[in-house]
There are 2 protein chains.
Amino acid sequence: MSVLQTAAKVLRCFTRDRPVLTVTEAAELLAMPKSTASRLLRAMRDAGFLELRADGRRYAPGVMMVEVAHLYAGGSRLFQLADQAVRALVDRFGHTGYVSTRDGTEVIGLSHHPGRNALRVVNTIGSRLAADASATGRALLARLADREIRALFPGRLAPPSPTSPQDFDELLARIAQVRRTGHAESRDESNRGVGALAVAVGDPRTGEALALCIAYPESIIERLERTEMADAMLAEAARIAAEIGDVSWARAS
Amino acid sequence: MSVLQTAAKVLRCFTRDRPVLTVTEAAELLAMPKSTASRLLRAMRDAGFLELRADGRRYAPGVMMVEVAHLYAGGSRLFQLADQAVRALVDRFGHTGYVSTRDGTEVIGLSHHPGRNALRVVNTIGSRLAADASATGRALLARLADREIRALFPGRLAPPSPTSPQDFDELLARIAQVRRTGHAESRDESNRGVGALAVAVGDPRTGEALALCIAYPESIIERLERTEMADAMLAEAARIAAEIGDVSWARAS
DNA sequence: GCCGGAGTTGCGGAAAATGGAACTTGCGTT
DNA sequence: AACGCAAGTTCCATTTTCCGCAACTCCGGC
């Protein structure tokens, strides 16, 4: 196995709950000799992937990661349009918005625009949610064929709340509804008390797809506002689809 | 030279202007044979550092980078306090705020909070500014001894505007003023028409230091508001210093 | 069908990573 | 102050990977 693979494994050891790593922790987590871990972490630091905290023992991700990550979406016109659209929606409605992408059965936040309301979702960028149990996820899944979706979910679903799809058939039904209405909706699913609307946009040529999402406290939302937001999101998505040249979108809506 | 070093060099090839890389580009930029570049990029993709765009030729940073980058600051209590403080300042004054750190003679944005005003600095996270020619940079430099600052700037300064320090002595003078007042100020320096106030906070035990910064359109700012903001920033910094246990800060103010 | 640029693959020599064990360091205990 | 202990580093022979060259494939344009 190449060093790069191992280095990537090290990076994946970092989590919200474990933002720093010592040599011993890394060695245990990756089941490697301490000597290997010691040299690897040092090499990663020398290369800029990690930095050594001032105590001299704990390693954390390096600034280089921040610099590079920030360019992740730079090459994607789709992302820029999506991000701009979400910003406009946030400005207009005051709720929190974000742009996400799908990776297998999970969705990952790529950008985050806190709104004016009280919703304090700590940090959605870089964190993963189950695709079946979130509006963003179902909006993105709706772009796949049922057959492809089935292939993604071989096992049983693990619904985090009673308002999430409880089994695969319910997931498909919810997704079918997304295809009809153009938008996905969640209430009280991965985050308690939080509702969300999501719309997917994509570039059919590249297969790239992103979801625009607006999240709000379930308690303060009115049906009228929700309808208005869904319409506004669809309008933004249509604008983006036209700009990108996504003809399939026009068909769907 | 280890693969990690080379991989890091590849990652550093990505910029705002070149957000994707082909095998040939990478080979040219890093002066390596195409075969090496080809295998390296593929290995980096297999490990998750890069992803291959749908055209099958262009590589871009991978999602993993976003995930890891987001944890960069998670291990730092100082960063969390600083970010929170900046958010409060942005809420109060409506201008754009950010948190930065210093890397040699440059400062790098770590978090970014767009304000309500019209200032549309596209994206400060992950981008670098000259430390000598920015408020954040001078605020952070002021924590060093003059001797250390001199060691950082061996050559001549390259002031980007007439309001930046034109030579090393002027830089030292501006920094001395930062030490007296506790805050740094810039006008029309790296960004035209933009003014900024910055205050540094740090943990003397670890040596870690960050700058809080508020940026605003130079044209709309009143002297009174600037004073108020500087005071508010100093108050936040003092709160953070107390929380962290930075006694040196108390001495400076 | 040919050309040229872009990217990949096979091969031997060269360089690096690996794991075990011995060694050093830092720290709290007795 | 010596001791024990855990964390981390260094040494070294072995194994694995990497490197650069050159030959090769792939694909679009002419």
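A note on names: the letters A, B, ... follow the listed sequences, proteins ahead of strands, and every chain is numbered from 1.
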(request) Could you tell me the separation between the CE atom of A:Met44 and the C1' atom of C:dA17, rounded to a whole number of Å? (result) 15 Å
(request) Kindly point out which of C:dA6, D:dG20, C:dA17 is positioned nearest to the side chain of B:Thr24? (result) C:dA6
(message) Please check: side-chain N/O of B:Glu28 versus main-chain N/O of B:Glu25, any donor-acceptor pairing under 3.5 Å?
(response) no
(request) Specify the separation, in whole Å, of atom CG of B:Asp55 and atom C1' of D:dG28. (result) 14 Å
(message) Can you measure B:Leu4 atom CG to C:dA16 atom C1' for me and round it to whole angstrom units?
(response) 11 Å
(request) Whole angstrom is fine here: how far is it from CG in A:Leu21 over to C1' in D:dA7? (result) 15 Å
(request) Evaluate the side-chain proximity of B:Val178 to B:His183: yes if any heavy-atom separation is below 4.5 Å, no if none is. (result) no
(request) Between A:Arg57 and B:Met32, just flag the one whose closest nucleotide in DNA chain D comes earlier from the 5' side. (result) A:Arg57
(message) Nearest to the A:Thr22 side chain among D:dG8, D:dT10, C:dG7, which nucleotide is it?
(response) D:dG8
(message) I need the CD-P distance between B:Gln5 and D:dC18, as an integer number of Å.
(response) 15 Å
(message) I'd like to know if B:Ser35 reaches the base of D:dC21 with its side chain such that a donor and an acceptor end up less than 3.5 angstrom apart.
(response) yes
(message) Testing the basics here: between B:Ser134 and B:Val107, what is the closest heavy-atom pair and its distance to 0.1 Å?
(response) OG-CG2, 3.8 Å
(request) Figure out the NZ/C1' separation between B:Lys34 and C:dT9, and round it to whole Å. (result) 13 Å
(message) Nearest to the B:Ser2 side chain among D:dT9, D:dC21, C:dA16, which nucleotide is it?
(response) C:dA16
(message) When you compare the side chain of B:Tyr59 with that of B:Thr22, does any pair of heavy atoms fall below 4.5 Å?
(response) no
(request) Measure the distance from CZ on A:Arg53 to C1' on D:dA7 and round it to the nearest whole Å. (result) 19 Å
(request) Could you work out which one of D:dG8, D:dC11, C:dT8 sits closest to the side chain of A:Val23? (result) D:dG8
(message) I'd like to know if A:Asp46 and A:Arg42 make a salt bridge, using a cut-off of under 4.0 Å between side-chain N and carboxylate O.
(response) no
(request) Using atom CD of A:Glu28 as one end and atom P of D:dA6 as the other, report the distance to the nearest whole Å. (result) 12 Å
(message) For D:dG20, does the base pair up with any side-chain atom of B:Arg39 as donor and acceptor (N or O, under 3.5 Å, distance only)?
(response) yes
(request) Take B:Leu40 and A:Arg58, find for each the nucleotide of DNA chain D with the closest heavy atom, and name the residue whose nucleotide sits nearer the 5' end. (result) A:Arg58
(message) Does D:dG20 have OP1 or OP2 under 4.0 Å away from a side-chain N or O of B:Thr36?
(response) yes
(message) What's the closest nucleotide to the side chain of A:Tyr59 if the choices are D:dT9, C:dG7, D:dG20?
(response) D:dT9
